[in-house]
Structures are given as C-alpha cells and as structure tokens.
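Presented below is the structure to which this report refers.
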Amino acid sequence: MKKSFQAVKGMNDCLPSASKIWQYLEKSLRNVVSNYGYEEIRTPILEKTELFCRSIGEITDIVEKEMYTFVDKGEESLTLRPEGTAACVRAGIEHGLLYNQQQRLWYIGPMFRRERPQKGRYRQFHQFGIEAFGFEGPDIDAEVIALSARLWKVLGFADKVELQINSLGSNEARQNYKQILVDYFSNHTEKLDSDSQRRLLSNPLRILDSKNPDMAELIANAPKLTEHLDETSKTHFEGLCKKLEELNIEYRINPTLVRGLDYYNRSVFEWVTTDLGAQGTVCAGGRYDGLIEQLGGQANYGCGFAMGLERIILLLEQQSDIQTKLLSAVDVYFCSMGEKAETYSTSLAERLRDQYDSYRIQTHCGGGNFKKQLKKADQSGAKIALIMGDNEVENDTITIKFLRQDREQVELSVSDLIDQLGELLG
C-alpha cells in the first residue's frame with residue numbers, strides 16, 4: 001500500500017472553501033493601510049539567525065524554544081522568520097530606506113514558531129503588520145493605534161476588542177526598573193514558578209506577563225513601571241493618552257503589559273478579546289526606538305504593530321452575516337448545449353472578459369445536459385447563467401437566467417448582452 005502524505009503538524013492547508021474569507025480579510029487590510037498612505041514591503045522567509053537573536057533577545061521564549069533554525073550547506077545558521085519587524089528593519093538598513101528618512105510600511109505573510117499547536121496558534125501562521133520609521137513624537141503612536149482601530153470597524157467587531165496600553169520608558173529607565181523587580185521577586189522566590197525563576201535575573205519583565213493564576217497576587221503587588229518612568233517617557237505617554245482621547249479611542253492602562261520582545265521601549269499596546277479563550281491578543285505593538293541602531297543602522301525611531309490573521313479569521317467566522325460579505329467565485333456562468341454553442345460560448349466568454357475584466361466569468365466544461373449545467377451554475381454562486389444552444393448561435397442571441405433574483409429569464413441579442421452585462425449584474 002502506497003504511503004499517503006499529510007501536512008506538517010501545525011502547518012495547515014487553506015482550501016478553496018476557506019480562501020474566500022482570507023481574500024475578504026486581506027482586501028480589507030490593504031484598503032485601510034492604503035487609506036493611511038502606507039506602502040508594502042516584502043522580505044524573505046529565511047533570515048540569518050543572528051538577526052533574531054540580536055533583535056528579539058536571546059532570553060526569550062521565541063529564541064530559546066520556538067525558532068526553526070538550521071545550518072545550510074554553506075555552514076551558515078538560518079532561521080525561518082518568527083516575526084516581521086526585525087526583517088523589515090534589516091531590509092530598511094540594507095537598502096538605505098531609514099537614514100534621515102521617514103517611512104510608513106506594511107507587510108503580510110507567513111511566520112514560523114515551533115509552539116504546541118492549538119486553535120488560533122499554529123507553527124506556520126500569518127501576520128499582517130505595519131512599521132513607521134523616523135517619527136519621534138506620540139502622534140505616530142496614535143496613528144498606528146487609530147489605523148488598527150479602523151480595521152476593527154471595517155471588519156465589524158470593534159465592540160469585541162479592548163485596547164490596553166502601557167509605557168516601558170527609556171532603555172535606561174527600564175534597566176533601572178528591572179533591578180527593582182529583581183529585588184522584589186527575589187524576596188518571594190518560593191512563590192515563583194520554574195519559568196519565572198529562570199527569568200528572574202535574565203528577563204524579569206517577562207514575569208509580569210505570566211498567566212499563572214497562582215502568581216496573580218504577587219504580580220499585582222509588584223512595583224509599577226509607570227511609577228519609575230523617566231520624565232521624557234512620561235510626557236510622551238501622556239501625549240499619547242491625550243491624542244487617543246481626542247480620537248475617541250477608548251483604552252485601559254495595563255501596568256503589567258510589557259510585550260514579549262526585547263526591542264520595545266516607551267509606548268506598547270495590545271488589542272485583546274474575550275471571544276477566543278486563551279488566545280485573547282489579536283494585535284500588539286509599540287515603539288522600538290533603539291532597534292535600528294542595534295541592528296547596525298543609524299539611530300532612528302520606530303513604531304508598529306503585528307496581528308495574527310488566524311485569530312482575526314476566528315473572529316470573522318463568529319459573525320452571523322459573514323457569508324453575505326464574501327465574494328462568490330463566479331459572477332457569470334456559461335451553459336451551452338451542442339458543439340457549435342460550446343465553441344461560440346467559449347469565444348463569447350473571452351470577449352466579455354476583454355470588456356469586463358473585473359467580472360468573474362466561467363464556462364461549463366465536461367458536458368452534461370442543461371439541468372446538470374444549471375445545477376453547476378447555481379453551485380458556483382453566479383448571479384446569472386448565460387444559456388446558449390445551436391439555435392441561439394444561428395440567431396445570434398443568448399438567454400439570461402437570473403439565479404439570485406426572482407426575475408423571468410430574458411433573451412437578448414449578443415451585442416445587447418455585451419452592452420448590458422453590467423446592468424444585468426446590478
């Protein structure tokens with residue numbers, strides 16, 4: 001018996017039945033970022049491993065446990081990208097996009113992390129993100145958040161997500177705060193779980209992000225980062241809060257919000273929902289002003305976010321009217337009976353595609369009687385079926401059957417069909 005192959009665990013196929021909702025989401029994302037003047041950037045799936053170690057931080061779950069890393073035949077360590085910001089910064093430095101410049105960029109594509117697969121969390125997943133470079137003030141932080149807020153409105157679940165924000169302060173202030181945390185948690189080591197004990201000296205901020213309920217009270221009583229901010233960061237954060245209020249964007253300050261990547265500083269934020277169980281974060285980001293210099297470029301400012309598209313899909317699938325928002329695969333379906341009609345309808349379909357390149361026109365293939373062909377037309381989701389037999393070919397006419405409206409079918413000349421197809425489709 002021949003062996004049958006299956007997809008790698010945690011890396012899923014997207015079948016035609018599911019691709020419509022993905023296309024709807026991707027189109028919505030592209031429209032919104034275009035409205036804000038952001039431009040697309042595409043980077044390779046593979047990068048040098050050192051890029052992620054230096055940017056994300058070696059003492060993080062991603063680098064320690066989750067990256068797909070291998071040594072290629074040139075004995076160079078390469079990694080499938082686990083996130084998009086580091087690659088975007090690398091490309092900006094390499095191609096001279098960031099030095100004394102301002103850039104608004106966006107990307108979309110697959111990322112890879114070797115985690116335990118579960119609903120909304122996969123080993124190959126897809127991220128959409130934006131990165132804004134060269135802007136110092138809180139106005140860009142507010143724009144990035146406003147853009148994400150607009151996405152929720154467009155997608156129809158603005159009432160399902162909550163914005164949480166915090167400030168990590170300057171790099172110096174954060175380092176001072178880390179020592180304060182070390183001192184605090186060192187006095188309660190018996191209450192720390194094994195992960196937190198491991199992080200105590202290397203990355204104590206990550207203890208604040210622990211989801212262990214046994215540590216909830218300990219974390220709640222920990223010194224607050226907002227109480228140890230430098231003055232510049234305080235002013236920046238106050239400016240962001242004011243701008244969000246002016247934009248009528250509701251938010252909640254979450255003093256334990258630290259983000260899992262080492263490159264963040266000052267403003268950080270997350271959009272969270274209670275509709276997805278444990279996978280509650282659907283979008284997250286913030287500022288990373290030191291990352292460009294850290295990766296070898298001239299010092300510049302950075303701010304952005306990323307969202308996991310699989311989780312957004314889960315939220316979309318909960319909407320009762322989602323099917324009405326999705327495009328059918330076909331607008332027009334040609335049914336033909338007889339050799340002359342089949343040849344003519346194929347030629348006519350090409351003429352219609354030339355004139356109406358935005359419509360999706362499909363011709364029936366594989367034979368069968370009219371009843372079978374009309375059933376296929378209905379299953380395709382088409383709005384109209386164009387019916388042609390050899391008699392219609394002789395008379396240069398065609399019959400239009402309306403599949404989604406309660407209308408009598410009509411017969412038109414071919415020239416009238418070509419002129420009126422847009423009206424027939426509404």
Side-chain angles (χ1 to χ4, degrees), residues 13-32 34 153-157 312-313 315-426:
D13 299 307
C14 183
L15 303 180
S17 58
S19 65
K20 292 178 186 177
I21 195 168
W22 280 87
Q23 291 169 2
Y24 166 74
L25 172 57
E26 291 165 2
K27 182 179 179 181
S28 300
L29 295 172
R30 291 172 187 273
N31 286 344
V32 170
S34 176
K153 291 179 185 178
V154 169
L155 297 173
F157 52 76
I312 306 300
I313 293 290
L315 286 174
L316 286 174
E317 289 175 340
Q318 294 178 8
Q319 296 179 3
S320 58
D321 64 342
I322 185 60
Q323 292 302 320
T324 64
K325 298 178 181 179
L326 306 182
L327 291 173
S328 65
V330 178
D331 293 311
V332 178
Y333 194 97
F334 266 93
C335 302
S336 57
M337 182 62 68
E339 186 175 344
K340 289 182 180 179
E342 183 178 315
T343 300
Y344 191 91
S345 63
T346 300
S347 174
L348 178 56
E350 290 300 317
R351 291 168 63 189
L352 291 174
R353 292 184 184 112
D354 287 339
Q355 185 155 335
Y356 299 95
D357 59 2
S358 63
Y359 293 145
R360 294 147 298 175
I361 300 170
Q362 192 170 91
T363 56
H364 181 83
C365 296
N369 57 34
F370 269 134
K371 184 177 180 180
K372 177 182 177 181
Q373 293 189 34
L374 286 173
K375 184 177 179 180
K376 289 283 189 182
D378 188 52
Q379 290 173 344
S380 75
K383 296 177 182 178
I384 61 174
L386 300 181
I387 301 171
M388 178 169 280
D390 288 347
N391 286 337
E392 281 82 4
V393 175
E394 293 294 330
N395 297 323
D396 203 28
T397 60
I398 194 162
T399 299
I400 295 91
K401 183 174 180 62
F402 298 92
L403 301 175
R404 309 292 167 225
Q405 299 179 55
D406 186 17
R407 292 175 60 180
E408 293 290 328
Q409 67 182 37
V410 297
E411 186 175 72
L412 294 176
S413 68
V414 169
S415 61
D416 284 344
L417 168 70
I418 293 173
D419 291 339
Q420 299 175 25
L421 182 60
E423 296 174 27
L424 293 169
L425 290 172

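As a basis for the values below, the full set of heavy atoms in this structure was taken, side chains included, without hydrogen atoms, waters or symmetry mates.
- Not counting sequence neighbours, the partners of Y359 by the ring pair (Phe, Tyr, Trp, His ring centres under 6.0 Å) test are Y356.
- Remark: Y24 engages no residue in a side-chain hydrogen bond (donor to acceptor under 3.5 Å, both in side chains) (not counting sequence neighbours).
- Checked against salt bridge (Lys or Arg N to Asp or Glu O under 4.0 Å), R30 has the following partners two or more places apart in sequence or in another chain: E40.
- Under the rule for a side chain to side chain contact (heavy atoms under 4.5 Å, CB included), the partners of T399 that lie at least two apart in sequence or sit in another chain are I387, E392, Q409, E411.
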Atom pairs and distances, donor-acceptor, side-chain atoms in residues 415-426, under 3.5 Å, two or more places apart:
{"from": "S415", "atom 1": "OG", "to": "S413", "atom 2": "OG", "distance (Å)": "3.2"}
{"from": "D416", "atom 1": "OD2", "to": "S413", "atom 2": "OG", "distance (Å)": "3.2"}

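- Here K153 pairs with A158 under the side chain to side chain contact (heavy atoms under 4.5 Å, CB included) rule; sequence neighbours left out.
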Side chain to side chain contact (heavy atoms under 4.5 Å, CB included) between L386 and L352, worked out: CA-CA 12 Å; L386 300 181; L352 291 174; 4.1 Å; yes
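- Checked against salt bridge (Lys or Arg N to Asp or Glu O under 4.0 Å), E408 has no partners two or more places apart in sequence or in another chain.
- Counting only heavy atoms from C-beta outward, the side chains of L315 and L155 never approach each other to under 4.5 Å.
- Among residue pairs with one or both ends in residues 353-362, those qualifying as salt bridge (Lys or Arg N to Asp or Glu O under 4.0 Å) are D331-R360, E350-R353; sequence neighbours excluded.
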Give every donor-acceptor pair under 3.5 Å between a side-chain atom in residues 368-376 and any protein atom, sequence neighbours left out.
{"from": "N369", "atom 1": "OD1", "to": "K371", "atom 2": "N", "distance (Å)": "3.2"}
{"from": "N369", "atom 1": "OD1", "to": "K372", "atom 2": "N", "distance (Å)": "2.8"}
{"from": "Q373", "atom 1": "OE1", "to": "S336", "atom 2": "N", "distance (Å)": "2.9"}
{"from": "Q373", "atom 1": "NE2", "to": "S336", "atom 2": "O", "distance (Å)": "2.9"}
{"from": "Q373", "atom 1": "NE2", "to": "G368", "atom 2": "O", "distance (Å)": "2.9"}

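- The backbone N or O of A377 sits less than 3.5 Å from a side-chain atom of S380, completing a donor-acceptor pair.
- Side-chain atoms of H364 and F334, non-hydrogen and from C-beta on, never get closer than 4.5 Å to each other.
- For E317, the side chain to side chain contact (heavy atoms under 4.5 Å, CB included) test picks out I21, I313, L314, with sequence neighbours left out.
- Residues that satisfy the side chain to side chain contact (heavy atoms under 4.5 Å, CB included) test with D406, not counting sequence neighbours, are absent from this structure.
- Between T397 and L412 there is no side-chain heavy-atom pair separated by less than 4.5 Å.
- Nearest heavy-atom pair, T363 versus S345, reported as atom, atom and distance to 0.1 Å: CG2-O, 4.3 Å.
- Judged as a salt bridge (Lys or Arg N to Asp or Glu O under 4.0 Å), and not counting sequence neighbours, the contacts of R404 are D378.
- Atom OH of Y333 sits about 13.5 Å away from atom CD1 of I361, to the nearest 0.5 Å.
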Worked verdict on I398 versus Y344 for side chain to side chain contact (heavy atoms under 4.5 Å, CB included): CA-CA 11 Å; I398 194 162; Y344 191 91; over 6 Å; no
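- Between M388 atom CE and M337 atom CE the span is 13.5 Å, to the nearest 0.5 Å.
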